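Worksheet: the structure to be examined is printed underneath.
These numbers were taken from a predicted model, which means no experiment stands behind them.
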Amino acid sequence: MKKHKYVIIGAGPAGLQTAYFLQALGLDYLVLDAAPACGAAFVKYPVHRKLISINKVFTGSDDYEFNLRHDWNSLLTDDQGIKFSNYDTNLFPHADSMVEYLNGFKARYDLNVQFDCQVTNIRKTDKFVIETKAGDVFEAEVCIYAGGFTKANLPENIDGYEHVVDYSDMDIEPSHYNNKRVLVIGKGNSAFETADHLAGNAALIHICSPEKLKFAWQSHYVGHLRAVNNNILDMYQLKSQHAIMDADISHIKKVGDQYAVTFHYKHANGEVETIMYDTVLSCAGFKMADDIWGEGCEVNTQFNGKFPCLKRNFESSNISDLYFAGTLTHVLDYRKATSGFIHGFRYCCKALVNILAKQYEGASWPGEAVPSSAADFTQSIIKRVNRASSLWQQPGYFSDVILAEQGQYISDIPAEYAIELFSSKSVYFVVTMEYGHSESGDIFEAERINKDAYNQGQESLFLHPVIREYHFGVQTSEHHIIEDLEADWTDPEMVEALEHYLTQCMVALSEQSTQTADPERSKLGEDA
């Protein structure tokens with residue numbers, strides 16, 4: 001039996017990112033992967049081979065941290081030694097480039113990965129025992145599952161779903177659909193990617209699911225329909241045979257060489273209709289594998305088995321010492337932030353390693369000393385919000401924290417976890433970046449506040465910094481820095497408004513200190 005303190009399952013981007021940070025701390029770890037190389041999922045997916053993760057090479061800046069705001073594919077490194085743009089400069093790159101990049105990343109940092117190790121069973125007594133198809137057995141004190149979604153989420157609630165061809169198995173040669181009638185089940189990006197791929201060949205394409213279509217530009221959630229995949233919407237509204245339907249599918253029946261599909265429409269006064277198709281494709285997504293969890297390691301799940309149930313520290317809700325990395329951590333910010341994607345979960349991986357180091361190695365959470373004054377806090381915040389990528393890429397989810405009396409600035413920590421972690425401290429500030437809310441149905445027609453209304457930042461609609469004050473885990477005040485077209489928060493009036501807010505908070509803290517003597521203050525920051 002091969003023993004390691006930390007064993008990571010999966011050598012995709014999450015597994016490699018977690019390994020990088022564990023290795024940087026000199027910790028004992030091993031990564032196991034079923035494939036002969038890194039990034040096996042990208043060898044096949046997306047099946048039409050174009051990534052929709054932005055790869056903006058030219059930003060007008062040479063600041064590595066700032067540029068990560070517009071680089072959705074690179075993993076985090078301390079030496080800035082390897083970037084995805086070294087492998088592909090297209091705005092929407094080819095999936096093969098991701099495979100090359102991940103293997104280049106593994107080689108550059110000489111990460112400890114063992115390939116051709118297909119994990120078949122994970123069980124736990126006092127430690128984890130991990131068995132592979134080849135008969136190898138590994139023991140770990142801490143198991144980190146970074147295997148992602150590996151099981152097709154088939155529409156099993158539909159009578160006759162066995163006639164459906166899953167996204168994983170579909171024929172992607174467009175000419176094979178010439179003059180065919182095609183039904184695509186699902187309204188995510190894979191469904192529209194598929195429809196767009198076939199739109200010039202199929203006689204008719206219908207895209208159907210019960211859910212209302214949601215657009216990324218309205219929700220600010222990158223998992224909703226992206227503009228790069230929505231050509232078929234034009235064709236639908238401009239009368240080119242293709243269509244989008246909100247409907248439940250009750251059953252699918254094979255009739256000769258075709259399939260009769262019965263729909264119950266959502267917005268047609270109870271109308272039921274049966275339509276004939278030549279092929280039915282399912283683009284209903286994926287979910288977590290459920291066949292590897294053995295005795296003592298039966299993981300609780302949610303969203304119909306799609307995700308594991310997790311605590312705020314990425315640990316399984318019911319299996320101690322079992323942690324998750326990568327897209328499965330999206331359960332904590334589902335359809336709100338970006339942990340389901342590389343440009344989001346790379347920060348989760350970094351935070352996870354800091355959590356592990358604190359929990360199992362007795363380390364302190366990394367932070368920088370900053371003088372305990374409103375002016376110094378202001379400068380630290382302004383510096384970070386003008387370049388930090390974690391706050392930008394994980395809006396409302398990741399944060400920076402200032403421990404006021406301790407004089408410590410902590411970066412890149414999940415906000416809810418931080419609020420809980422420091423709840424015994426008298427005063428701390430949590431810095432996030434967040435979108436505002438508009439009552440307008442069209443985000444492009446929303447009324448915005450005047451750029452000089454520095455004290456009305458709470459009315460900002462676009463991404464902007466938010467600073468919240470907490471006393472012993474309870475929020476007591478907040479300040480919004482007004483939105484800016486180019487995300488430049490260096491205007492003197494903006495800085496002055498923030499410093500005024502922080503000065504008021506510090507004055508109140510000082511007055512409180514003179515009125516009461518709280519022994520807890522002497523221990524401020526010990527948990528950091």
Side-chain angles (χ1 to χ4, degrees), residues 13-14 17-18 51-54 65-66 68-76 146 148-149 188-189 214-226 285-286 288 302-303 306-315 317 323-355 384-385 387-401 410-421 430-438 443 460-468 475 478 480-481 483 487:
Q17 183 72 94
T18 305
L51 301 177
I52 57 173
S53 47
I54 292 172
E65 176 69 17
F66 174 85
L68 282 170
R69 292 180 170 188
H70 312 288
D71 173 356
W72 291 14
N73 299 283
S74 293
L75 300 181
L76 306 177
F149 295 130
N189 281 292
K214 296 181 179 179
F215 302 101
W217 66 73
Q218 287 185 321
S219 67
H220 306 298
Y221 173 59
V222 297
H224 288 149
L225 181 60
R226 302 281 301 285
F286 298 86
M288 181 181 70
Q302 59 189 98
F303 296 116
K306 186 177 180 72
F307 290 100
C309 294
L310 299 184
K311 302 175 185 176
R312 290 193 181 105
N313 64 351
F314 310 113
E315 187 179 21
S317 65
Y323 293 82
F324 288 80
T327 192
L328 294 178
T329 62
H330 192 31
V331 70
L332 296 174
D333 63 337
Y334 190 43
R335 295 183 177 177
K336 296 178 181 177
T338 61
S339 296
F341 315 89
I342 293 174
H343 66 290
F345 68 60
R346 60 191 178 190
Y347 304 101
C348 296
C349 293
K350 180 180 180 181
L352 170 61
V353 172
N354 285 331
I355 289 169
R384 280 284 293 171
V385 299
R387 66 186 296 265
S389 60
S390 62
L391 306 182
W392 181 275
Q393 297 285 31
Q394 288 277 44
Y397 182 33
F398 262 66
S399 69
D400 288 355
V401 174
I410 296 167
S411 304
D412 303 339
I413 182 170
E416 289 189 358
Y417 174 79
I419 293 167
E420 185 178 273
L421 178 64
V430 175
V431 182
T432 58
M433 298 186 76
E434 301 175 21
Y435 290 97
H437 302 282
S438 171
I443 192 65
S460 297
L461 297 181
F462 202 65
L463 199 63
H464 64 283
V466 183
I467 298 88
R468 293 183 172 90
Q475 182 183 334
E478 68 181 64
H480 293 243
I481 303 179
E483 64 184 318

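Of all the heavy atoms in N73 and R346, the pair that sits closest is N-NH1, 4.2 Å. Between Q393 and L68, the shortest heavy-atom distance links the atoms NE2-O, 2.8 Å. When all heavy atoms are compared, the tightest approach of T432 to S399 is CG2-CB, 3.7 Å. Across all non-hydrogen atoms, the minimal contact from A14 to G326 is CB-CA, 3.3 Å. When all heavy atoms of I54 and R226 are compared, the closest pair comes out as CG1-NH2, 4.0 Å. Closest approach of V331 to P308, counting heavy atoms only: CG1-O, 3.5 Å.
Once rounded to the nearest 0.5 Å, the distance linking CZ of F345 with CG of D333 reads 12.0 Å. Taking CZ of R312 as the start and CD1 of I419 as the end, the distance is 8.0 Å to the nearest 0.5 Å. Atom OH of residue Y435 and atom NZ of residue K336 lie 16.0 Å apart, to the nearest 0.5 angstrom. The SG atom of C348 sits 14.0 Å away from atom CZ of F324, with the distance rounded to the nearest 0.5 Å. Here the straight-line distance linking atom CZ of F398 with atom OG of S411 works out to 11.5 Å at 0.5 Å rounding. Atom CD of E420 is separated from atom CG of N313 by 8.5 Å, given to the nearest 0.5 angstrom.
Atom CD of E65 has more than 12 neighbouring heavy atoms from other residues, nucleotides or ligands inside a 6.0 Å radius. At most 12 heavy atoms of other shown residues, nucleotides or ligands fall within 6.0 angstrom of atom NZ in K214.
Remark: the backbone N or O of A388 is paired with a side-chain donor or acceptor of R69 at under 3.5 angstrom. When atom types are taken as modelled, the side chain of R384 and the backbone of D400 share no donor-acceptor pair closer than 3.5 angstrom. T329 places no side-chain N or O within donor-acceptor distance of the main-chain N or O of A325, the cut-off being under 3.5 Å.
With a 4.5 Å cut-off on side-chain heavy atoms, L332 and Y397 count as touching. The shortest distance between side-chain heavy atoms of P13 and L75 falls below 4.5 Å. Between Q394 and S339, some side-chain heavy-atom pair lies under the 4.5 Å cut-off. Proximity of V222 to W72: side-chain heavy atoms (C-beta onward) are separated by under 4.5 Å at one or more points. Within the 4.5 Å cutoff, the side chain of I413 has heavy atoms near those of the L421 side chain. Looking at N189 and L225, their side chains come closer than 4.5 Å, going by heavy atoms from C-beta outward.
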Step-by-step side-chain contact (heavy atoms from CB on, under 4.5 Å) determination, K306 to Y334: CA-CA 11 Å; K306 186 177 180 72; Y334 190 43; 3.9 Å; yes

Apply side-chain contact (heavy atoms from CB on, under 4.5 Å) to residues Q17 and I342 and explain how you reach the verdict. CA-CA 10 Å; Q17 183 72 94; I342 293 174; over 6 Å; no

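Residue H464 forms a side-chain hydrogen bond (donor to acceptor under 3.5 Å, both in side chains) with just one option from E434, H480, E483, and that option is H480.
Y347 and H343 have their aromatic ring centers separated by at least 6.0 angstrom. If you look at F149 and F307, their ring centroids are closer than 6.0 Å.
Ring orientation note: the planes of W392 and H70 are nearly perpendicular, at an angle over 60° on the 30°/60° scale.
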